[in-house]
Amino acid sequence: MRFSIGNKIFSAFGLVFGAFIIFGVLMYMKAEEMRETSIERIQLSTLKTQLQKMLILHYSRLNEMDNAIHNKALPSFLAAYDECPFTKWKNTHKFVERSMQAEFDKLDVPHKELHARFEEMVSLLKTKEFEKAREVYQTTINKSFKELVTAYAPLYEDINKEHSELIDERDFLLDEMKTLLLLALVVTLALIVIFYLWLKRSVISPISQITGIAQKISTGDAQQSIVFSAQDEIGDLANAFRKLINYMSELSDVAHKIGEGNLNVNVVKRSENDILGKALDNMLANINAIMFELKHSVLSLNSAASEILATTTQVSASASQTSSAVAQTSSSIEQIKQTAKSSSAKAVQTSESTSKAMEIAKSGTQGLVENMQGLAQIKEKMDLIASNIILLSQQSQQIGEITSTVEDIANQSNMLAVNASIEAVKAGEQGKGFSVVAIELKNLSEQSKQGAKQVQKILADIQKVTGTLVMVAEQGAKAVESGVKQAQNAKTSMDQLNATVQSAANAGKQIAASYEQELAGMDQISGAMSSVKEATMQNLSSIKQVEESAHDLNALSQKLKEVMEHYTIAENQR
Amino acid sequence: MNNVRNTLRQRAIKAAKKLENTEIIDGIELIYFRIESETYAIEAGVVSEVHKYKEPTPVPFTPAYIQGVFHMRGNFVSLVNLKIFLGIPEQNEKVATLCILFLSDENMEFGVAVDEVIEQKRVSKKEIQTLTAGFDLPRADLILGVMENGVIVLDGKKLLADPTMIVHK
C-alpha cells in the first residue's frame, strides 16, 4: 500500500491532535464538574449567611424587646411573622435541593412560635402591662429563642458538613486535573518522540542517504547503489536516482567505449528531451563522420605517400642515372670531337674514292645487259619442255580410262559367269558341261581384271613421274624468270649506284666543310655539358632530401593509419 | 608379254585338272557373295539371277531395310538391304554396291543388294556347322550355319518365307 510522506505527517499530527482533543474533553468535563461544585458551594454559603443573618436579626429583636420593656415603650419593629425578612427570603428563594428545603422547613415551627411571642409582647406593651411583659419575656421568649437556636444548630452543621465535602471534592477534582494535565503532557511528548523517530527512520535518513549519493554524483562519482526501497515519495526519489545512476553509467559506458576507440556504439535516448543523450549521439555521429572521412583521407594519404615515396625513389634513381649519363655524354662528346677531326680527314679521301667507283659501276652495267639476253633464251626452251610433259600426262590419263572400261567388262563377264553357273545348276546333270564353261569364263574375267589392274599400276607410276617432271619444269621456268627479274633489278640498282656515287662525291665535299662547323659546335656542347653536370649533381642531392622527406611522410602516414585502425567506425558510416 | 604367256599357261593347267566339285556326293551348291568385308553364301537354288546394281525407286512408308522397288521384266521387284535386315553393324568405309542377287521361289521374289558376287561352289553339307545358341546376330534363325573359313551361310528358303518381307499386307 502506498503511504506517502504527506499522509505520514498528516497521520502523525492527527494522532497528536486526537490525543489533545481527548485530553481537552476530559479536562473540560472536570472543569464543568468544578464549576458545578463551586455553584453549589456559593449556594451553601448564601444559605449559611442567611441563616446567620436570621439569627442575628432575631437576637437583635430580642434585645430591642428587652430594651422596650425596660424603657416601657413600644419596639420599633413589626413583630408579625409574615413581615419577617427571613420569611420573605425563604418564600422567594428556590432551593436547588429538596432536602435543603425540608431542612429549612423545620425552622418554620420555632420561628412562628418566636414571632407569636413577639406579637404577644407587643400587645402587652401596647396595653402597658409592663410587668406581665417582663414576665412573658423572661419565661417564654427566651425559651422560644432557644428552640429556634436548637432547630438552627443541626441545619448549620449540615450546611458546614456539606460545604467541607464540596471543598474536598474540589480538591480531588483539582488533583485529577493536575494528573490529567501531566498525563496529556507525557503522552503528547511520547507521541511526538515516536513520530519523530518514525519520520526520521522513514524520511530523513533516506533523504540524507540520497543527498549523500546526489553529492557524490555531483562530484562525478556515479558508481553508487541505493539499497532501500519504499512505497512513498522517497521510494520514487530513490527510483529516480537509480534511473539517473543507470543513465549516467550507460552514458559513461558509451563515452568510455568512444574513448577506447569503439565508435560502433548505439546511444539509446531516454526521451525527447534527453539533451545529454542527444548531444552524445550527435557527438558520436559527428565523430563517426569525421573518423570515416579521416580514415578515408588517411588511406588515400597513405597510398599517396607510398606513391610519392616510390616516385621519389624512381626520380632519385633516374637522377643518378642522369648524372652518370651526363658524365658519359661528356666523355662521349670528347670522343666525338676526336672522331670528327679524323672524319674530316677521311671525308676528303672518300671524295676521291667515289670518282673511281663511278667508273667501275659503268662497266658493271654493260655486263648485266649481256647476261639478261642469255636468260631469255633459256626461258623459251623451258616452256617447250613443260608443254610436252603436260601432253604426256593427258595421254596416260586416257589410257587409264580405257583400262577401267576393261575392268568393268571383266566384272560384267564375271557376273555373267555366275549367272551361267546358276543356270547350269538349274539344268542339273545336263548342265554340268555348261558349268565347266562358266567356270572357265569366270577365270578369264578374273585374269583380264588382273591385267587391267597391272596396266593401272604402271600408269600410276607414269603419272607420278610426269607429275614430278611438270613440277621440275615449272620450277625451272620460275628460276629463269626470277633470274631475269634479278638481272633487271641489278641493272636498275647499277643505274641508281651510278647516280648515288655521283651524289656521294658531291656530298663528300660538303661533309668535309660540315665537319669544320661541327668541331666548333662540339666545343660549345662540351661547355654546356659541364654546366648540365653541375646542375644534375645539385638536382641529385635535392632529390635525396626529397626522398628522405617522402620516407618520413610514409612512416607518418603508416603511423596515422595504425592509429585510425584503433577506431571502430559505426556500420552506417562504412 | 611374258606375263600374258604365264597366265595362259596357268589357265591351261587348271583346265586340264579333273573337276573336283563333281566328286562331292552329299553336296550343296552355294553362291558366295561379299557385303563390305564379310563373305556370305546362299543356296544356288533360290538365286534366280545376278544383275548389275541399279538405283531402285524408294517407296515411302516401308521399313528401312526395303531400299525401294524397280522394274524387272514386267514385274515390280523390291530391293532388300541385307545389312539393315540382318542387323549387320555399319562400317566406316563405304564400298560401292555393285550387284543385285535375285532370290525367288514359287511365292516370293525380291532382290538383295550385295557388294560383289564371288563365285558358285559345291560344298559338302558337313562343312556347314550349325550355329550354337547365343549367337549375337539378331536374326540368327535365318542363318543356316557357318563354314570353317568363316563364311556365313544364309538359309535362302527361310529368307524367302520370312513374313517381315511382305510389306503391304
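Order of the sequence lines sets the chain letters (A, B, ...), proteins ahead of strands, with each chain counted from 1.
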>> If I compare all heavy atoms of B/I118 with all of A/N414, which pair ends up nearest, and what's the gap?
In response: O-OD1, 4.2 Å
> Just wondering, are more than 12 heavy atoms of other shown residues or ligands nearer than 6.0 Å to NZ in A/K426?
Replying inline: yes
>> Just verifying a value: how many Å separate B/R11 CZ and A/E440 CD, rounded to the nearest 0.5 Å?
In response: 6.5 Å
> Under a 4.5 Å heavy-atom cut-off, does chain A meet the side chain of B/E116, its backbone, both or neither?
Replying inline: side chain
>> Is A/Q454 close to chain B through its backbone or its side chain, or both, or neither, when contacts mean heavy atoms under 4.5 Å?
In response: side chain
> Contact part of A/E446 toward chain B, heavy-atom cut-off under 4.5 Å: side chain, backbone, both or neither?
Replying inline: neither
>> Taking A/M415's backbone N and O only, do any of them form a donor-acceptor pair with B/K52's side chain (distance below 3.5 Å, no angle check)?
In response: no
>> So which residue, A/L416, A/I422, A/N411, ends up with the most heavy-atom pairs under 4.5 Å with chain B?
In response: A/I422
>> Within the supplied structure, the quantity of interest is the number of heavy atoms (other residues, nucleotides, ligands) at a distance under 6.0 Å from A/K449 NZ; does it exceed 12?
In response: yes
>> Checking the side chain of A/N419 only, and the main-chain atoms of B/E49 only, is there a donor and an acceptor separated by less than 3.5 Å?
In response: no
> For atom CZ of B/F70, is the number of surrounding heavy atoms from other residues, nucleotides or ligands below 6.0 Å larger than 12?
Replying inline: yes
> Which of these, B/E119, B/Q120, B/K121, B/E29, sits in a side chain to side chain donor-acceptor pair (under 3.5 Å) with A/S421?
Replying inline: B/Q120
